[in-house]
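Notes follow once the structure below has been shown.
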2 protein chains.
Amino acid sequence: MVTIADVARHAGVAASTVSYVLSGKRTISTDTRERVQRSVHALGYRPNASARALASQRSNVLALVIPLRTGMHVPVMMQFATAVVTTARRFDHDVLLLTADEGPDGLERVAQSSLVDALVVMDVELHDERVPVLRELPMPSVLIGYPDDADGLTCIDLDFVAAGAHCVDHLADLGHRSLALLGTPSAVYERQTGFAQRTLTGFVEAAERRGVLGVETPCEHTFDAILHTVEQLLSDHPDITGLVVQNEPIIGPLLDVLRRLGRRVPEDMSLVAICADDVAERQVPQLSSVSIPAERIGDQAVESLIAKLEGGEVPSLTLVPPTLTARGSTCPHGDLTTA
Amino acid sequence: MVTIADVARHAGVAASTVSYVLSGKRTISTDTRERVQRSVHALGYRPNASARALASQRSNVLALVIPLRTGMHVPVMMQFATAVVTTARRFDHDVLLLTADEGPDGLERVAQSSLVDALVVMDVELHDERVPVLRELPMPSVLIGYPDDADGLTCIDLDFVAAGAHCVDHLADLGHRSLALLGTPSAVYERQTGFAQRTLTGFVEAAERRGVLGVETPCEHTFDAILHTVEQLLSDHPDITGLVVQNEPIIGPLLDVLRRLGRRVPEDMSLVAICADDVAERQVPQLSSVSIPAERIGDQAVESLIAKLEGGEVPSLTLVPPTLTARGSTCPHGDLTTA
DNA sequence: AAGGGGTGTCGAAGCGCTTCGACTGGGGTA
DNA sequence: TACCCCAGTCGAAGCGCTTCGACACCCCTT
């Protein structure tokens with residue numbers, strides 16, 4: 001392995017000069033700089049990450065904590081992860097992958113051993129036991145999602161309350177008077193997962209505001225569960241004509257179920273999904289949907305984290321406004337002129 | 001931050017003694033050991049990872065290179081990633097996440113800067129430009145999947161040739177004489193991705209051996225593409241009664257397509273999938289399938305890597321034998337007594 | 001001609017740990 | 001009794017880098 005001393009010798013300068021050429025932290029004459037750069041190239045020098053981290057107290061590594069929980073939709077998580085890694089690399093940082101099952105201890109471990117400089121935590125629950133740990137940790141962190149008490153934290157999330165409301169508004173605007181929210185598996189609600197709770201809140205509030213019926217039910221992932229849930233729903237509330245779905249993996253089977261029950265989409269049943277755009281576009285008919293801007297949120301998380309590392313101030317809570325794209329799964333219902 | 005010197009002072013011993021207590025590399029009297037351990041606890045000491053890495057030339061971090069390529073099935077990749085992280089933690093290692101789009105340079109970067117001790121590389125192509133780099137790198141690596149020339153490498157993979165053959169054998173045993181392989185998107189074949197190529201090879205060879213018709217076609221992910229592909233297939237080869245599918249995301253829509261075309265599964269068309277068990281079990285009917293033991297392969301990859309780090313010898317190529325589980329999507333065809 | 005202020009470079013002191021060789025003292029052997 | 005050996009501990013020397021203060025040297029001012 002070639003060290004900074006080898007480069008210094010080769011270029012005929014002191015090691016510290018090489019360091020300053022590489023970091024740009026002091027002015028170096030053009031002549032010296034170029035000579036050093038040539039030596040770096042010639043020898044194929046790569047700074048040793050540990051030595052650098054030890055001396056500078058910066059590892060240039062971010063921790064990314066991803067959930068491995070039941071009911072989480074994997075492709076969306078991967079989009080977050082990918083965005084985080086890609087953006088981290090833009091800022092010359094690497095990403096250490098932690099799974100949520102290490103819990104709060106895992107955060108303490110990587111933070112207190114100075115393995116990482118900062119943390120990105122996904123899948124935050126309303127009352128998350130990692131939150132107090134994050135508050136005490138001697139390094140910045142950013143949460144994707146946010147707990148009940150976001151004080152002293154930096155959180156970024158899609159505004160799921162608005163997302164739930166948008167769906168209701170869209171359907172209500174089309175004249176639908178009875179709506180249902182087909183949500184995530186009940187385990188997700190029981191964990192008090194923020195995004196699920198908030199969508200529900202937005203859905204319920206908007207339904208009230210618009211004076212329409214808004215019922216909600218969790219839904220598991222198996223075909224039978226979907227079939228049973230929808231049958232139950234439609235027998236309890238036969239007049240439902242608008243469905244909001246926040247549960248990506250059931251979307252395909254749900255369309256089958258509706259077909260099997262003789263409900264055409266959108267003629268008999270309008271449907272709005274909260275899901276990634278490509279999923280919505282892949283269905284037949286294409287689904288009206290509120291998209292999940294995973295890439296944007298992942299980018300933003302890393303950018304905020306880097307800003308905090310450099311001593312900048314970032315807002316405590318950033319809510320990304322949702323956008324609804326109307327596609328072929330929703331259509332007007334009833335006599336709109338009286339609505 | 002509390003350092004090893006603080007612990008040593010607190011326990012009334014030398015810093016090196018603390019180090020030896022922690023590493024177990026020299027014998028320490030029970031008395032001293034316990035005193036040191038109490039001090040470690042009392043002060044909440046965590047060794048500094050960079051200092052440790054610098055002094056010991058071991059970072060205790062593995063690199064995991066995951067693909068972000070078109071056509072890859074995300075949930076399966078996450079299963080690999082999860083298994084790798086979990087097993088790495090069992091061996092007291094962490095995992096640095098790299099995306100494949102950093103290419104060979106990314107491998108060199110993390111290896112030569114001593115950021116990691118070893119690498120796990122997923123989604124290996126038959127002629128992978130990262131392979132020569134891996135051969136030269138001064139540290140061990142394990143590939144999940146394997147290139148044409150696996151010499152000097154350590155590779156682990158499901159035996160996809162056998163997987164393809166198993167599917168054919170299963171269908172042929174049931175009396176089917178005309179089979180088709182519905183494969184991955186053509187981009188995956190064009191990249192010369194090992195698993196896709198090998199399944200194809202196994203499928204073709206087995207069809208030949210069994211004296212049955214075996215045609216193959218790639219298939220994109222959109223509904224229209226699936227519909228078109230299947231229609232084309234059935235019009236070119238109307239007598240096809242057995243389908244092998246290696247393309248997880250199309251499984252749901254494919255069942256729709258068959259239904260729409262009036263082919264009942266399994267009465268009119270038997271279907272074997274190469275996919276994760278939970279996906280197979282979620283369908284109606286449940287699918288006969290060859291499962292992808294992602295967890296087992298991920299575990300095995302890390303175990304081999306750790307063994308190599310400790311100087312052990314590991315086989316160059318480990319092929320995990322596939323297992324086929326018959327479920328409700330395959331049934332006998334024709335007059336079996338004459339087959 | 002003397003003084004002052006940049007600019008560019010160097011040397012040395014750490015960063016917190018591991019590891020090597022050396023030392024001590026107690027127990028066994030000859 | 002003299003010797004040796006081993007278990008247990010210590011001190012010091014690094015690992016490869018960053019960073020601080022010091023120091024030339026040159027140019028400009030007065």
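Only heavy atoms go into these numbers, but all of them, side chains included; no hydrogens, no water, no symmetry mates. Each chain gets a letter, A, B and so on, in the order the sequences are listed, and its residues count up from 1.
Closest contact between the side chain of A:Ser29 and the listed nucleotides C:dC10, D:dG16, C:dT9 involves C:dT9. Checking C:dG8, C:dG11, C:dG16 against the side-chain heavy atoms of A:Ala14 singles out C:dG11 as nearest. Closest to the side chain of A:Asn48, out of C:dC17, D:dC17, D:dA22, is D:dC17.
At D:dC17, none of the side-chain N or O atoms of A:Ser56 fall inside 4.0 Å of OP1 or OP2 (strictly under the cut-off). The side chain of B:Tyr20 places no N or O atom within less than 4.0 Å of a non-bridging phosphate oxygen (OP1 or OP2) of C:dC17. Checking the phosphate oxygens (OP1, OP2) of D:dT18, no side-chain nitrogen or oxygen of A:Lys25 falls inside 4.0 Å. Applying the 4.0 Å criterion to OP1 and OP2 of D:dT18, one finds that A:Ser23 has every side-chain N and O outside that range. For the pair B:Thr17 and D:dG8, the criterion of a side-chain N or O lying under 4.0 Å from OP1 or OP2 is not met. Dashed line: the shortest gap from a side-chain N or O of A:Ser16 to OP1 or OP2 of D:dT18 is not under 4.0 Å.
Distance, B:Ile28 CD1 to D:dC10 C1': 10 Å, rounded to whole Å. Atom-to-atom, CG of B:Leu54 to P of C:dT18 comes out at 11 Å; the value is rounded to the nearest Å. In this structure, B:Gln57 atom CD and D:dC15 atom C1' are separated by 6 Å, rounded to whole Å. When the C1' atom of D:dG14 is taken as reference, atom CE of A:Met1 falls 18 Å away, rounded to whole Å. Atom-to-atom, CG of A:Leu22 to C1' of D:dT19 comes out at 14 Å; the value is rounded to the nearest Å. To the nearest angstrom, P of D:dT19 lies 10 Å from CZ of A:Arg58. The separation between B:Asp31 atom CG and D:dA7 atom P is 18 Å, rounded to whole Å. Between the P atom of D:dC17 and the CG atom of B:Leu115 lies a distance of 13 Å, rounded to the nearest Å.
Using a 4.0 Å cut-off between charged nitrogen and carboxylate oxygen, A:Glu303 and A:Lys308 do not count as a salt-bridge pair. Between B:Arg35 and B:Asp31 a salt bridge is recorded (basic side-chain N to carboxylate O distance below 4.0 Å). Contact check on A:Arg9 versus A:Asp6 returns a salt bridge, with a Lys/Arg side-chain nitrogen under 4.0 Å from an Asp/Glu carboxylate oxygen.
At a threshold of 4.0 angstrom between heavy atoms, the contacts of A:Ser19 include nucleobase atoms, whether or not backbone atoms are also involved.
Heavy-atom nearest nucleotides on DNA chain C were determined for A:Gly12 and for B:Ala55, and the one closer to the 5' end corresponds to A:Gly12. Summary of the strand contacts: B:Arg26 and B:Val2 both lie near DNA chain C, and taking for each the nucleotide with the nearest heavy atom, the more 5' one is attributed to B:Val2.
Under the rule for a ring-ring contact (aromatic ring centres under 6.0 Å, His included), B:Tyr146 has no partner lying at least two apart in sequence or in another chain.
When the shell of 6.0 Å around CD of A:Gln37 is examined, it contains more than 12 heavy atoms from other residues, nucleotides or ligands.
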